[in-house]
Amino acid sequence: MAKIHPRDGSPYPLGAHYDGEGVNFALFSANAEKVELCLFNDAGTEETARFAILENDNNIWHVYLPGVKPGQVYGYRVYGPYKPLEGHRFNPNKLLIDPYGRRLTGKLIWNKAIFGYDVDSPQKDLSFSPLDSAPYVPKSVVTQDDFDWEDDTPPNHKFETSIIYETHLKGYTKLHPQIPDKKRGTFAGMNENVIIRYLKWLGVTAVEFLPVHAFFGNRHKKGYIKDNYWGYESYSFFAPEQTYLYSHNLNEIKQLVKTLHQNGIEVLMDVVFNHTGEGNQLGPTLCYRGIDNASYYTLQQENKRYYYDSTGCGASFNIQNPQVLKLVMDSLRYWVEEFHIDGFRFDLAPTLCRYKTTVSAHCGFLYAVAQDPVLKKVKLIAEPWDVGIGGYQVGAFPPGWAEWNDKYRDVIRRFWKGDKYQIGELASRLAGSSDVFGHNNRDIWSSVNFITAHDGFCLRDLVSYNHKHNEANGEDNRDGTDSNWSWNSGQEGETANQTIRENRYARARAMLATLLLSFGTPMMFAGDEFAHTQMGNNNPYCQDNAITWITWEGISKRGKELAKFTRRLIRLRRRLSIFLRRKFFKGEPVDGSKIKDLTWYTEKGEEFSVADWQMPDRRFLAYSIYDGISYIFCILNAGSSEIEWKLPNLDNKLKWQLLLDSSDKFNARTDIKSKKVITVPAWSVLLFEIKK
């Protein structure tokens, strides 16, 4: 390497930026005493140069290196006090990745050198490690944007027209027989035509990927018992997970987004800004802890050796620090502007909204997002709970945000399980959960309705298991929730009993129909539509194997039929304009007519009375929706027997056209008159459209 003569450079933008002649490096640290920039060969195995960064403007350390080009591998060593009791954990023996680094190279090797303390010392994290971590950690790489987006236009689906499909990038294609082996489990594999065609055929409007930021994986090979498969231990918010890049080129991600956009499908990212993979005080020192522990993490004020943790993952990221908040905002804008990402799902979002330790709607994060000209154009979805005090915040996010609705998940499961006392809450959830979200001028799509997600039972297991079966996780089946609201139909797990299999299939179809005929934003879990199983594991975060990977070649005939049924449901929902409504129902007549926008009916063809709502054994109900143009009528029967149902007394000149029978057992004519008595099959959903 030719001799480099460093210059002062600029404090902004943060990270490493190539200007055509050289690279400007800028790093935030408020408590550092000295910072060194280390350059490495292309393989990252040999340090080729080291530069002391002498310029520090308002806690931004910066230097400009002429002649350095994209592809340069680098890392930082940061000097300062190692005083854990005061919250400082500087250790220049640890090579640190750039928090703004856009690509990484090299693997994380689980070695005692990656810890800032001596792991063999009885003092643990109060001790100091002299070992050099450089041979064992990933390193940052200078990048340059050279992708041609051509005329890429984001689909920009409105929330009320959206159908979200949550999936794991790796697991979705890892076992797909029509994808080349080396591409399986990568962005390039997801971009294969066979996958794009299927997603378009199914009809979903958005794919939501579990975290794709660089994270800890295969931890059992590095001293841990369990893998990390889901990806909720990010240690970079700019660099993608290396193992998801087939070509080691960021353009691979951009090409996938571009292709999905061309097919009318948006791309959403699950992001984890509430904590990092560095964990608690016993975790490794890879980035933030070594750069400025007291700035990046929320410390316990009574003892700064320890972290405040509202995440259950070791240490809450300190979004209250302006520079840390800036990092989060810069990361979000980067993925929107550079990768054309269409939105984000925020893991444990209340942690981002805490002032000191209290969740507050008047927090810097929500204010920053609300005024941001880039982020106001994309979808924002909160997981509205964390494990801290006051962390359950469903319904508390501001207008413009959608939220995962676990109240919807639980009551739908209980209803189709056959539990008592579910009708009242069920009605509210089907109608968009106005009791939760119907305030502050929020819209009906604010509720992200889901029955299954990555966390918990998948749909097939929900109807096949009474209890979790997480033995493979290595925790003696103690992990994962016990509140599954599931029913195995009479036998635990797989069975050859045809009656049980039929019941499971009927309830799976009924739940899919319920999801897509509810008001709010529906979210499906990938694989549910063709009966993928995780063998009863309701917490498979550590199963990077066939338990979680989609077994495409194992899809049964029944699974294929279920996929076709799901496609039909999606097409039906998208065709019925009545599901495009944004405002909550009022239960009042529409446009001077006598027909209410929303009415609940009993099997006698009468509106629900107070007494009807309070009947404990009622396991069926119907609703009608009228918007002044269209009228639909939906019956849900979660009973084990068919039931005689009298249709409401409307104009006999109207024709009731059957659009859907989830059981495929309804054999009446499709044109039915008001007041007629029909037979509703057990475990079924019927949908009628009424036309003049």
Side-chain angles (χ1 to χ4, degrees), residues 394-395 405-439 442 444 446-447 449 451 483 485 487 507 510-511 513-520 578-579 581 583-590 593-627 631-650 656 662 674-675 677-688 690:
V394 176
N405 188 352
D406 63 331
K407 295 178 184 290
Y408 179 94
R409 174 197 64 196
D410 292 349
V411 76
I412 301 301
R413 290 184 175 200
R414 290 193 297 263
F415 175 73
W416 288 109
K417 176 175 174 281
D419 285 0
K420 297 180 179 181
Y421 297 104
Q422 301 304 311
I423 297 301
E425 184 176 356
L426 174 70
S428 180
R429 304 297 157 247
L430 294 174
S433 298
S434 61
D435 57 325
V436 180
F437 302 102
H439 60 89
R442 298 187 72 180
I444 202 167
S446 302
S447 174
N449 300 329
I451 303 173
S483 300
W485 313 116
W487 178 43
R507 285 191 294 124
M511 280 190 271
T514 304
L515 175 66
L516 287 158
L517 298 178
S518 297
F519 287 84
I578 208 162
F579 284 100
R581 68 177 298 123
K583 299 305 177 183
F584 288 95
F585 297 100
K586 296 180 179 179
E588 299 175 352
V590 176
S593 70
K594 296 181 181 180
I595 304 177
K596 299 177 184 177
D597 59 357
L598 171 64
T599 310
W600 300 98
Y601 286 102
T602 71
E603 72 281 9
K604 298 178 182 179
E606 301 171 349
E607 287 193 43
F608 262 73
S609 66
V610 173
D612 290 319
W613 289 115
Q614 295 174 349
M615 291 177 61
D617 293 324
R618 181 176 289 279
R619 295 181 173 88
F620 37 81
L621 83 166
Y623 67 81
S624 69
I625 306 293
Y626 180 60
D627 63 2
Y631 186 103
I632 65 169
F633 185 78
C634 185
I635 305 173
L636 298 90
N637 179 15
S640 58
S641 302
E642 61 185 27
I643 185 171
E644 298 300 303
W645 202 290
K646 184 179 181 180
L647 298 177
N649 184 13
L650 300 177
W656 297 57
S662 67
S674 298
K675 298 186 290 185
V677 176
I678 63 173
T679 300
V680 178
W683 310 111
S684 71
V685 176
L686 302 183
L687 181 71
F688 297 89
I690 302 175

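Note that the coordinates shown come from a computational prediction; the quantities given were computed from them, not determined experimentally.
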* Asked: Once the angle between the rings of Trp487 and Trp683 is folded into 0 to 90°, is it parallel (under 30°), tilted (30 to 60°) or perpendicular (over 60°)?
  -> tilted
* Asked: Just wondering, are more than 12 heavy atoms of other shown residues or ligands nearer than 6.0 Å to NZ in Lys583?
  -> yes
* So do the side chains of Asp627 and Asp597 get within less than 4.5 Å of each other, counting heavy atoms only? -> no
* Structure fact -> d(Thr599 OG1, Glu606 CD) to nearest 0.5 Å is 13.5 Å
* Asked: In Å, rounded to the nearest 0.5 Å, how long is the span from CZ of Phe415 to CE of Met511?
  -> 11.0 Å
* Asked: Is there a donor-acceptor contact under 3.5 Å linking the side chains of Ser433 and Asn405?
  -> yes
* Minimum-distance pair of heavy atoms, taken over all atoms of Gly395 and His439 -> O-NE2, 2.8 Å
* Shortest non-hydrogen contact from Ser662 to Ala513? -> CB-CB, 4.4 Å
* Asked: Salt bridge or not for Asp612 and Arg618, using N-O below 4.0 Å?
  -> yes
* To do: Measure the spacing between OH of Tyr421 and CZ of Arg619 and express it to the nearest 0.5 Å.
  => 10.5 Å
* To do: State, without any angle test, whether Tyr408 and Ser518 hold a side-chain donor-acceptor pair at a distance under 3.5 Å.
  => yes
* Any donor and acceptor pair, going by atom type alone, linking the side chain of Arg414 with main-chain N or O of Trp485 inside 3.5 Å? -> no
* Is the ring centre of Trp645 less than 6.0 Å from the ring centre of Trp656? -> no
* Asked: Do the non-hydrogen side-chain atoms of Glu644 and Glu603 ever get within less than 4.5 Å of each other?
  -> no
* To do: Determine whether Ile635 and Phe620 make a side-chain contact, defined as any pair of heavy atoms from C-beta on separated by less than 4.5 Å.
  => no
* Asked: Under a 4.5 Å cut-off applied to non-hydrogen side-chain atoms, are Leu430 and Trp600 in contact?
  -> yes
* Structure fact -> Which of Thr514, Asn449, Asp435 passes side chain to side chain contact (heavy atoms under 4.5 Å, CB included) with Arg429? Answer is Asp435
* So do Phe437 and Ile444 actually touch side chain to side chain, heavy atoms under 4.5 Å? -> no
* Spacing of Gln614 atom CD and Ile423 atom CD1 [to the nearest 0.5 Å] -> 13.0 Å
* Distance flag, aromatic centroids of Tyr601 and Phe608, threshold under 6.0 Å -> no
* Which pair of non-hydrogen atoms, one from Ser674 and one from Pro648, has the smallest distance, and what is that distance? -> CB-O, 3.4 Å
* Roughly how far, to the nearest 0.5 Å, is the CD1 atom of Ile643 from the CD1 atom of Ile678? -> 10.5 Å
* Where does the angle between the aromatic ring planes of Phe633 and Phe688 fall among parallel (under 30°), tilted (30 to 60°) and perpendicular (over 60°)? -> tilted
* To do: Kindly indicate, with the supporting measurements, whether the criterion side-chain contact (heavy atoms from CB on, under 4.5 Å) is fulfilled by Leu426 and Ile412.
  => CA-CA 7 Å; Leu426 174 70; Ile412 301 301; 3.4 Å; yes
* Are side-chain heavy atoms of Val590 and Tyr631 found at a separation under 4.5 Å? -> no
* How long is the gap from CE on Met615 to OG on Ser609, to the nearest 0.5 Å? -> 9.0 Å
* To do: Specify the closest pair of heavy atoms between Leu687 and Cys634, including all atoms of both residues, with the distance to one decimal.
  => CD1-CB, 3.8 Å
* Do Leu517 and Ile632 touch side chain to side chain, with heavy atoms closer than 4.5 Å? -> no
* Which heavy atom of Leu598 sits nearest a heavy atom of Ala431, and at what distance? -> CD2-CB, 3.8 Å
* Structure fact -> On a heavy-atom basis, the closest approach of Ser434 and Ser428 is N-OG, 4.2 Å
* Taking side chain as C-beta onward, heavy atoms only, is Ile625 less than 4.5 Å from Phe585? -> yes
